[in-house]
2 protein chains.
Amino acid sequence: MARRSEKQDPAQELDARKAAILDAVVTEHIDTAQPVGSSSVAASQAVGVSPATVRSEMVALEREGFLSQPHTSAGRIPTDRGYRYFVDHLRQGTLGEAQQVTVREFFNSVHGEIEDVLEQTSTLLSSLTQYTSVVVGPSHTHATIRSAQIVDLGPTRALVVAVLSDGAVEKRTLELDLEVSVIDVADASSQLNALLVGASLDQRVELPSREGAVAELIRRSTAAIFEQTPTIDGDQVFIGGSSRVADAFETVDTVRSVLGILEQELVVVSLLRDIMDKGLTVSIGSELGFESLSACAVVVAPVSIDGVPAGAVGLLGPTRMNYPEALATAQAVSEELAHRFGGEEKRRG
Amino acid sequence: MARRSEKQDPAQELDARKAAILDAVVTEHIDTAQPVGSSSVAASQAVGVSPATVRSEMVALEREGFLSQPHTSAGRIPTDRGYRYFVDHLRQGTLGEAQQVTVREFFNSVHGEIEDVLEQTSTLLSSLTQYTSVVVGPSHTHATIRSAQIVDLGPTRALVVAVLSDGAVEKRTLELDLEVSVIDVADASSQLNALLVGASLDQRVELPSREGAVAELIRRSTAAIFEQTPTIDGDQVFIGGSSRVADAFETVDTVRSVLGILEQELVVVSLLRDIMDKGLTVSIGSELGFESLSACAVVVAPVSIDGVPAGAVGLLGPTRMNYPEALATAQAVSEELAHRFGGEEKRRG
DNA sequence: CGTTGGCACTCGGTAGAATCGAGTGCCAAT
DNA sequence: ATTGGCACTCGATTCTACCGAGTGCCAACG
């Protein structure tokens, strides 16, 4: 069986004609959701050969794993690998004029807390693209504490509040075993503040080992802030347009399994974090590593602050999603977000 | 056309046999999702008449709007009104032993901030029932401010943080036009605190009309806290198991439209708030007032603190949902939540 | 030798006919 | 009033026939 190694080469390049044919199949399939036949491919301007030739090339493309046939005597549909080639050879498209305006207007008018901006951004993304969107906010592992205080909430309850340099607020309720006087709380609060200001969330703080109710209060407050991380890394995730998964797939089973993944925000975040270091990226079907997402593709654009990926925006659609549009949208929105956060960074100096 | 007014009476009671038949139809349809025929109804213990008699009663029940026929020569399925009668005449069921244990264990082990508890409660609810759950936390319109401060975040940015008596923290970012010194911020912060402590969020606070940067800072901080309500009434909504809507319905269209409503959390909250004053309640299909939810039923149990409904737990399923189970679960969980919050109230008082 | 038109073949999808049977409505008998 | 009997309805299922989109193969062509 000494065949040419055309099948094994993973970084395989296709000759111009195969590429044109693959491109035509993918494009049309994305448009129609139907298997694509040789004749319609041959009709494409970029191909320019007869259906018969297209057919023989298609056989090759199928052998090489770029196309598949739902059944004999049907047209071809792209495999994940076919989409992969398509995406890898996509020339950088640009966002439509109308969408650009929408994005600009959105970012000019949106205001308020970061969380609100991120949440509304996820809505924007999904309404622009008709796909489900995921927005992951910057983690504040590198933020430092700007202020810490303990607020008395009743005889045996107190709240520890820490304000971070990025504007986030962490809070922890303390249930106290014994009653603590208001004065003790105030005392502990100011000591805690002095102790923690400037510290970052991922470092330990040296505690003076003293005795007494106040010292104990400080100890417990510090522990609460540093040890109980509410969401992993304090990530903020916002998912927009989850109802759109029902548009993207034919069967309720697929819809259910995709929604099932989206529900596990931890999974979604780690998925995006894995991908986002690579820059603007597409992951297709099996590449995502989840059986439930085998019918999906995800476009991720990192939101970089000072060149470091801090957050990300993602679009989740069917593998036959409109990649050029999704890529352009994700890119544009991530840049706007980066610009906004970067601006704030700068302002803070 | 002087007929008996059996059709018009909205508060109509059915005679024992009709009631038994309706009950059998609803019960079986909930179980099988299929139209129910006269013979299987007649087989039911509680009915005890022949299929022929059942049929003639069914004709009456259909005329009165409790049942409908998908087509001639099919069995009957309940209408919304049929479900309504069923639910109204349901004897208060009790939660299964295993579920009771699960609920108790959950509330014994769950800890942390209210938000986290509520979120996990929504997950608990949906995993107990297989339905989508909605948990609405207590609004803090009646909470008072326990602490207020302004934290410097950079030359032209500051953060106003207010801690409420119920343990919630409100924050607002201020973008300042001019630079304010650290000392001014500290000054404003302590004045703000003195000014706001004890105030409730729904009242206006008298501001001394003084001049200068500090007074301006205080003015803007107060405005930020009182005027910009991030979510209506500061509601906290948690939706659990939204992927279960894909289990509940056959067609992607239905799934999409239901998810579409769930996405609009404002709508969901107002829906629950409308219902929850009435105590443990079921709303069925058209009663919900949303075209998109005509295939759904919602069970709502208010979470009362000191006898006043403060939050609510809800379960959303198909109209053929398991009402007894859903009711028992919602009730049990809402009581546990009330107990927990009530306990905290007491401890504070 | 690559390309192409021709052609037989495959097979999913659709339409129509036949059949089945669950379930009904009606009626006469009890 | 209740019931068994019975004709009838109509969706669902099965089967067949058939159409046609699309294929794979091959011989002919430049």
Side-chain angles (χ1 to χ4, degrees), chain A residues 3-4 6 14-22 24-29 31-79 82 250-251, chain B residues 4 6 14-22 24-79 82 250-251:
Chain A
R3 273 203 191 251
R4 297 266 179 68
E6 55 181 5
L14 298 173
D15 63 66
R17 197 168 66 186
K18 279 208 182 77
I21 291 173
L22 179 55
V25 171
V26 173
T27 306
E28 183 165 338
H29 181 69
D31 194 43
T32 65
Q34 298 296 323
V36 181
S38 56
S39 56
S40 57
V41 170
S44 155
Q45 194 59 35
V47 175
V49 288
S50 76
T53 312
V54 171
R55 279 202 288 281
S56 68
E57 292 287 50
M58 278 172 141
V59 182
L61 283 168
E62 182 167 2
R63 182 164 20 91
E64 295 162 39
F66 294 98
L67 295 178
S68 74
Q69 242 177 337
H71 54 82
T72 331
S73 90
R76 303 304 207 290
I77 59 176
T79 60
E250 313 262 292
T251 67
Chain B
R4 297 267 178 67
E6 55 182 0
L14 298 173
D15 63 67
R17 196 169 66 186
K18 278 209 182 79
I21 291 173
L22 178 55
V25 171
V26 174
T27 307
E28 182 164 338
H29 180 69
I30 284 176
D31 194 43
T32 64
Q34 298 296 321
V36 181
S38 57
S39 56
S40 57
V41 170
S44 156
Q45 195 60 34
V47 175
V49 288
S50 74
T53 313
V54 170
R55 280 202 286 282
S56 70
E57 292 287 49
M58 279 173 140
V59 181
L61 284 168
E62 183 168 359
R63 184 165 18 94
E64 295 162 37
F66 294 98
L67 296 177
S68 73
Q69 241 177 336
H71 54 83
T72 331
S73 90
R76 303 304 207 291
I77 59 175
T79 60
E250 312 262 291
T251 67

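Nothing here was measured: the structure is a model prediction, and the numbers come from that model. In what follows, every chain begins at residue 1, and chains take the letters A, B, ... in the order their sequences are listed.
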[X] [atom1] to [N] [atom2]: how many Å, rounded?
X	N	atom1	atom2	answer
K18(A)	dG2(C)	NZ	P	11 Å
R17(B)	dA1(D)	CZ	C1'	8 Å
H71(A)	dG13(C)	NE2	P	6 Å
L61(A)	dT23(D)	CG	C1'	15 Å
M58(B)	dA22(C)	CE	P	16 Å
I77(B)	dA22(C)	CD1	P	20 Å
E57(B)	dG25(C)	CD	P	13 Å
I21(B)	dT2(D)	CD1	P	10 Å

CD on E62(B) to CZ on R55(B), rounded to 0.5 Å: 14.0 Å

query: side-chain hydrogen bond (donor to acceptor under 3.5 Å, both in side chains) between T53(B) and S56(B): does it pass, once the steps are laid out?
result: CA-CA 5 Å; T53(B) 313; S56(B) 70; 5.7 Å; no

query: Minimum heavy-atom separation for G37(A) to S40(A), with atom names?
result: O-OG, 3.1 Å

Closest non-hydrogen atom pair between P78(B) and V26(B), with its separation: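 In this case the closest contact between P78(B) and V26(B) is CG-CG2, 3.8 Å.
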
Closest to the [X] side chain, choosing from [options]:
X	options	answer
S39(A)	dG22(D), dT4(C), dT23(D)	dG22(D)
A52(B)	dT24(C), dT23(D), dT3(D)	dT3(D)
S38(A)	dT23(D), dG25(C), dT10(C)	dT23(D)
R55(A)	dT4(C), dC26(C), dG24(D)	dG24(D)
Q69(A)	dT24(C), dT23(D), dC10(D)	dT23(D)
V59(B)	dG24(D), dG25(C), dT4(C)	dG25(C)

Quick check on [N]: is either OP1 or OP2 less than 4.0 Å from any side-chain nitrogen or oxygen of [X]?
X	N	answer
T53(B)	dT3(D)	yes
T72(B)	dC10(D)	yes
R76(A)	dG22(D)	no
S50(A)	dT3(C)	no

message: Heavy-atom nearest nucleotide on DNA chain D for S56(B) versus S73(A): which residue maps closer to 5'?
response: S56(B)

- prompt: For G65(A), does its backbone N or O pair with a side-chain atom of T79(A) as donor and acceptor, under 3.5 Å?
  reply: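 Looks like yes, one N/O pair under 3.5 Å.
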
